[in-house]
Every structure is written in C-alpha cells, then in structure tokens.
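Reading through the structure tokens given below for one structure.
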Amino acid sequence: MTVNPLEMFKSRAIELVNNALASLDLNVELPLEIPPENMGDYAFPCFMLSKEMKKSPADIAKQLSQEIPEDLTFSRIEARGPYINFYINPEMLVQITIESIMDKREEYGMWPQTDVKINLEHTSANPNGPLHVGRARNPILGDTIARILRKCGHDVITEFYVDDMGKQQVTLTWGVENLTREGEIPEKMDHAMVWYYQEATKQMEENPDVLEQINQIVAKYEEKDEEISARVKENCKKVLSGMTTSLRRLDIHFDNFAWESKYIFNGSVDTVVEDLKNHEFTDYEDSALYLDLEKVGITGQENKLYLTRSDGSSLYTTRDIAYHLDKLANYDLAIDILGEDHKLKAKVVQLAVGLLGHEKEKIEPLFYSFVSLPEGKMSTRKGRVVTLDDLIDESVGRAREEVEKRRPELAQELRRGIAEAVGTGAIRYNIIRVQAEKQIVFKWEEALSFEGNSAPFVQYSHARASSILRKTSVMGEYELKLIKHPSEIQLVKALASFPALIKECGKNMECHPMAGYAFELASLFNQFYRDCPVLQAEEDVMNARLALVTVSRYVMSNVLDTLGLIAPEEM
RNA sequence: GGGCGCGUGGCCUAGCUAGGAUAUGGCGACAGCCUCCUAAGCUGUAUAUCGAGGGUUCGAAUCCCUCCGCGUCCGCCA
C-alpha cells in the first residue's frame, strides 16, 4: 500500500507527457503544474517548446495532446490554450485514497522510519521569569516542527538549552538568597521567582555594593565553583518548572535539558578555545581571544567576535560552540529554533564549528520574527508584556464562555475539557498559521478569535465527523463507486494530499502550510457536510459516506495532532 | 554605515525556493441560510496600481538592480 496516494497519478502524468514528447523527438524539463480550479489536477505548459517548434504554445498543446493515449488514470486529458490539462480519474483516486487511509488509520501521513537522528533545540529562554507571548512563538514553532519531522520518519529529540551561566541567573540567585518577599507570593514558581530577579536587578543598578557582590559570585562561578553552580541551578530549576508547566498545557514537552554550565565544567569550552587559538582567523587583543569576522566574510561596524575575556574566561558564544560540537557528536542534524536577533550569532557558531573541522551544514537554524504589542515591543522591564499564562487563561476562559452558551446540556467536565482544547488550540494555531519570518503584532481580538481560519474551526469539523460516527452503530460493506458528488471528490483530493504535505513541510522546515491545509480540509469537510447527508441517505450511499467520514476523521485527527491540537469528539 | 528578514483589499494572510491560465483565504462590512447528521457552520456581494521605480522574459507578486518603509543584528552581555 502506497504512502502517498497522489504519487501514482503524478508520475503517470509525467510519463505520459514524456512519451508524447519522445514521439515528437522533443526533450525538455517537465515543469508539471497544479492548475487553478476547474482546470484539472495537473497541467503541462507548452510555452518553452514554442521557440523550438516555431508554433504557438496553443498549437503545440493541441498537437502534443493528440500524442497522448487514453489512460485509465485520468478521466480527461485535454489541451486548453497553451496547456495540457490532466484530470485525475476520480473513481480511482477515491478507491486508492480511502483504502490507503483505512489501512493506515492514525498512521496515515507518516513516512517510513529513517535513520536520521535529529536534535531539535527550542525555547531555551533564560530561566528568570515566566514566558511571555513573544517568547511563546519559539516553543510552538519548535514543537510543531518536531511533530512534522517525526511524521517524516525521523528520530527527533527536543531539547531546552538552559542558560545557567549568565549574570542574569546569578542576579536571580542573589535575590533569592538576600531578599525577602512581602505579601502574597504566586504559587506558580516562575511567577514567584521573577520578583527576586527584578528586585535584585533594581538594587544592583542602584547600589554598587550589590553589584560588587554579584560580580564576585560571577567571577567565582566562572572559575568552576561547583557549590555556586548548584545554588544557581536550583533556582533555574524552580523557574523552569513553572515554564514547563505552562508549556505542558500547550502539549509541549522536552526530551532533554542541556545545561550551559556543563560545557564549562567538563572542559569542552577550554578545548574549543585551545583548538581555535592557533587558527589563522583568530587573534588576541589584550589577551582576549577573538575571531576576525572580516576574514570569514562577515562585515559590520565591529569585526571582532570575542571568544574569551582578557582574563581567559569564556563567553556565551564560546559555550554555544562547545554545545553544538556536542550535538554534532550525537546527532545527524541539529536544528535550532531562534529569534531573528540570533541570526549573526548562529552564523558565527556555524562558522566556528566549520573552522574546527566539523560539518557545519548539520546545524540548521530556523529563525522567527518577534511578537510585539500594538504599543511596541514587549518588555518585562517596562511592564509591557502579556505572559503566556495570562493568554492561556484568557483564551480558555473565553472558550469556556462559548461552550457554556452553545452546549449547556453537556456535562460540566466535558465542557471544561472542550474549553481547554479550544482555548489552548487557538493559541497554537494563531502563532503557527503565519510564516515564521513575519512579524506578529499581538492583538487580543485576533488571538481569541474562534471563527474562520482558527483552531476551533478545524476542531469543529472533527467534532462533526465524530458526531456522525457516534450515531451509527454499524457500518456495513461499502461501495466506493458511490462516492462521486463534487464535494466528496474535492474532499478526497484534500485527504490524498496530506502525506505529500507532511514531507514538504519537513523538507522546508515550515509549519504554516500545515495550518493552511488543516483549514482547507476542514472547510471541504464542511461543504461535504452541507451537500451530502450521511445518516439520511439510502443505505448503500450511507455506508459509502460513512467510510468517507471515517477516513476524513482520521486525517483531521492526524492533522490536528501534527499541529499539537486536541481533536475533540464534541464541541 | 553594513548584514539579514519583512512590505499583497480597511485589518490579517497564501502564493515567492523551481516565473505561466481569472492573485489564496480569513476578519470586519453588506445580503441571505437552522421543520434537515452540532450555525464555533454554509452561500452570495463589495473592496488589491502585489511598497515605488527600472531591468530580464513570449510572460514577473515570484528573478535582477536602485530607492523607500518596518523589524533585527553589528558588546571582553546573555
């Protein structure tokens, strides 16, 4: 049984065109296209033959189409203007697609296991306070890409790189150890801990003594003081627990946490410095080692990237290089989900890894632009943030109101579950539906939109399909020839294209087409739902349609899973 | 100053990697559809000099050049 139901049709179309070209002694690249609506499923444009044949593209299309024999795979092959259009034989497509999905069920869309081991690093936010909406784009993108790559058959582990070495984390620890928080303390650890960080930062800025104390801890820490490391790590873990709690609500989990300090303490950072210091592209300035960016082709105002301070201690980028070497030692591919502010740093890390004789192509950074508020950039310092927890609570709350209004008859527990699915789903979907490079301006009314191009729209179609199936006890033998209504065929075509889309998204490492597909599929299901009554149909038609509903539900469920959304049975 | 990304109807957005047939869809607006499997749904109407200008091409939203706007980076911070 084929993984991709469309494969046969496409390769057959190519074959037919190739044969026709050969019979006319022509040889060109085949840019098979997908034509606009109502003009078939594949199209072969004849413009490029025009010069060679000294004829109009329309005439060529006509001539060429006469060389193409009738074929079972296509119900129609015809010249139309400068194109030859291929119309897939719907009966055959229905047969292949529905049988394939019935056979694979929740596995449909998944590709055979590869032996590619991927480390996918995402989120990696400094653990000094709760995640805000701006940062949330990272885990949502990362988790979705991970899901897509797994369905492509790869072995993916997700990883959070914990920055436990920076001054920020020492500041937090100083705060926890020296300050007493009055009043009510939030229960969630990230919200509880951020106060110490903010207050300590304030005191550090106002009081030179505090700054001195913190600097001393930082200095000792960098000399590999195990005891300080343990104290800092403990506080990091507390904040992390809060972050992961929030992310768990969005069904985002980490397989592993990589601690930055590890690379200092195990000596791998020293090795990196040792290996780079004799390189022709590096040099010293006041005994601080730097990489000469001009020599590696990066220009800017400042061309030196420092790898150590003049006291020999390491810098963030150096540790990041050590970290990536570690990844390459254990994985075939290291994917980093990064904000666009990290572009240069990522490039430098890649370059350095290359200079050290490793395959820098195995590091693949994926960048996204920031989420800002209508009044400007999100800033914890200026108190201009929407935390992820606020957003989730608000979204689930709004979803709850909607369920109460729409489905008051449902059990309370069920309504609660639906609200959670819809509320959290809407957030994920809203972030994922636009391409990562676009800036997003966060607007509540858009984030909380439950209509149109949104998660609930897709979830609703799944619920409708589930509802139909729930109402039938038995599905008898079905005759797929009875699937022939245009709305049914359109739906089947969408179902058939799912595996190819998974692969495409994996190859390009992008998720927004998956959201677009989810919407398209749900929309086509809704049109089918409108045009083709299932339970009221004649028994044989009903059985065939039940089969279509069954496979549609599998695919919708698989798509929702790919996007990390819950597929509700009712809503 | 230099690098990278983005710019598509009032708002949001697809298409750009591999140039092709009337530029995708959503929100909002307006007009309709619940004696019929869930109306978080469906149908219809209006709204686009694809940032601007040039170039390549039979053909440009898509490729090239210039310019403009927005974001982002160019720390012995992380």
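All of these numbers come straight from a predicted model, not from anything done at the bench. In the text below, chain A, chain B and the rest are named by the order of the sequence lines, each starting its count at 1.
- Of the nucleotides present, B:C30 is the one that pairs with B:G44 by Watson-Crick or G-U wobble criteria, both distances under 3.5 Å.
- In this structure, A:Lys304 forms a cation-pi arrangement with A:Tyr290, its terminal cationic atom sitting closer than 6.0 Å to the ring centre and no more than 45° off the ring axis.
- B:C64 sits 33 Å from B:U47 when the C1' atoms are compared, rounded to a whole Å.
- Per the geometry, CZ belonging to A:Phe519 stands 18 Å off P belonging to B:C12, to the nearest Å.
- Atom OH in A:Tyr323 sits about 17 Å away from atom P in B:A78, given to the nearest Å.
- Rounded to whole angstrom, the span from the CG atom of A:Asn38 across to the P atom of B:U24 amounts to 13 Å.
- The side-chain heavy atoms of A:Glu121 and A:Phe160, taken from C-beta on, include no pair separated by under 4.5 Å.
- Heavy-atom nearest nucleotides on RNA chain B were determined for A:Asn526 and for A:Ile440, and the one closer to the 5' end corresponds to A:Ile440.
- In this structure, A:Glu222 pairs ionically with A:Arg309, as a charged nitrogen and a carboxylate oxygen lie closer than 4.0 Å.
- Distance check on atom C1': B:C58 versus B:G19 gives 12 Å, rounded to whole Å.
- Nucleotides B:A61 and B:U22 are separated by 15 Å at their C1' atoms, to the nearest Å.
- Note: A:Phe498 and A:Tyr517 have parallel aromatic rings, judged against thresholds of 30 and 60 degrees for the angle between ring planes.
- A 3.5 Å limit on both hydrogen-bonding distances identifies no Watson-Crick or G-U partner for B:A18.
- With contacts defined as side-chain heavy-atom distances shorter than 4.5 Å, the pair A:Gln169/A:Asn128 qualifies.
- A:Tyr529 has its OH atom 5 Å from the P atom of B:A39, to the nearest Å.
- In this entry B:C37 has no Watson-Crick or G-U wobble partner, no candidate having both defining distances under 3.5 Å.
- Taking atom CZ of residue A:Arg464 and atom C1' of nucleotide B:C34, one finds them 11 Å apart after rounding to whole Å.
- Rounded to the nearest Å, the gap between the C1' atom of B:G69 and that of B:A46 is 29 Å.
- Between the side chain of A:Asp311 and the base of B:C76, no donor-acceptor pair of N or O atoms lies under 3.5 Å.
- OP1 or OP2 of B:C37 has not a single side-chain nitrogen or oxygen of A:Arg470 nearer than 4.0 Å.
- A gap of 15 Å separates the P atoms of B:A60 and B:G53, to the nearest Å.
- Glycosidic conformation at B:C63 (O4'-C1'-N9-C4 for purines, O4'-C1'-N1-C2 for pyrimidines): anti, more than 90° from 0.
- The phosphate of B:C73 (OP1 or OP2) has no side-chain N or O of A:Lys345 nearer than 4.0 angstrom.
- The partner of B:G1 is B:C74, judged by Watson-Crick or G-U wobble contacts that both fall below 3.5 Å.
- Side-chain contact, A:Arg76 with A:Asn85: no donor N or O sits under 3.5 Å from an acceptor N or O.
- Summary of the strand contacts: A:Lys507 and A:Glu260 both lie near RNA chain B, and taking for each the nucleotide with the nearest heavy atom, the more 5' one is attributed to A:Lys507.
- Nucleotide B:U66 is matched to B:A52 when pairs are restricted to Watson-Crick or G-U wobble geometry with both distances under 3.5 angstrom.
- Across all strands shown, nothing is found opposite B:G9 as a Watson-Crick or G-U wobble partner with both distances under 3.5 Å.
- A cation-pi arrangement is not found for A:Arg137 relative to A:Tyr368, the charged atom failing to lie both closer than 6.0 Å to the ring centre and inside a 45° cone about the ring normal.
- Side-chain atoms of A:Ser310 come within donor-acceptor range of the base of B:C76, with a qualifying N/O pair under 3.5 Å.
- Considering only side-chain N and O atoms, A:Arg309 lies under 4.0 angstrom from the phosphate OP1 or OP2 of B:C77.
- Protein atom CG of A:Asn453 is 10 Å distant from nucleotide atom C1' of B:C12, rounded to whole Å.
- B:G2 and B:C67: their P atoms are spaced 9 Å apart (whole Å).
- In this structure, A:Asn138 atom CG and B:A78 atom P are separated by 20 Å, rounded to whole Å.
- Residue A:Lys438 has a polar side-chain atom (N or O) positioned under 4.0 Å from OP1 or OP2 of B:A14.
- B:C65 and B:U17 have their P atoms separated by 15 Å, given to the nearest Å.
- The CE atom of A:Met48 sits 17 Å away from the P atom of B:U57 (whole-angstrom rounding).
- Taking atom C1' on both B:C74 and B:U66, the two are 24 Å apart, rounded to the nearest angstrom.
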